[in-house]
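Worksheet for the structure shown next.
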Amino acid sequence: MMEIKADTTVCIGAGMCALTVPAIFDQSEDEGTVVVLDSTPPAELEDAVRRAVTLCPSGAISVV
Ligand code: SF4
């Protein structure tokens, strides 16, 4: 099973993650930094989550 790690101190609020997988990633109202809605995504979203990790310009999100 996949688990998502997010480092909001690294996140620059680019929003690529929320744009790519809105079911899993959101952005905080005030800072714009990443909010992980579900850190253990269902299997059918794992490919999309990996894509979001690749697209993130700051390297703030990772999967283990
Ligand atoms: S794509 Fe990366 S930098 Fe942009 S909001 Fe998501 S985690 Fe933050």
Side-chain angles (χ1 to χ4, degrees):
M1 190 174 69
M2 172 185 277
E3 188 181 346
I4 300 171
K5 307 272 185 201
D7 184 347
T8 52
T9 66
V10 175
C11 174
I12 56 169
M16 282 307 299
C17 54
L19 211 63
T20 307
V21 203
I24 298 295
F25 300 106
D26 198 358
Q27 289 177 269
S28 76
E29 292 283 331
D30 42 337
E31 311 261 305
T33 49
V34 63
V35 176
V36 180
L37 301 174
D38 183 358
S39 61
T40 55
E44 65 268 24
L45 287 179
E46 288 187 357
D47 282 350
V49 169
R50 283 196 191 88
R51 195 156 59 242
V53 169
T54 307
L55 289 170
C56 172
S58 72
I61 45 179
S62 57
V63 290
V64 289

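Ligands are counted one by one from 1 in listed order, and the atoms in each one are counted from 1 as well. Only heavy atoms go into these numbers, but all of them, side chains included; no hydrogens, no water, no symmetry mates. Small disclaimer: the values here were computed from a predicted structure and weren't measured.
- Counting only protein N, O or S atoms, the number found under 2.8 Å from atom 2 (Fe) of ligand 1 is 1.
- Side-chain atoms of Q27 come within 3.5 Å of backbone atoms of G13 as a donor-acceptor pair (strictly under, hydrogens ignored).
- Between V10 and G59, the shortest heavy-atom distance links the atoms CG1-C, 4.4 Å.
- In summary, of the residues considered (K5, E46, M2, E3), a side-chain contact (heavy atoms from CB on, under 4.5 Å) with V63 occurs for M2 alone.
- Contact between A14 and P57 at its shortest, heavy atoms only, is CB-CG, 3.7 Å.
- Counting heavy atoms of neighbouring residues, nucleotides and ligands inside a 6.0 Å radius, atom CD of E44 exceeds 12 of them.
- Between atom CD1 of residue I24 and atom CG of residue L37 there is a gap of 7.0 Å, rounded to the nearest 0.5 Å.
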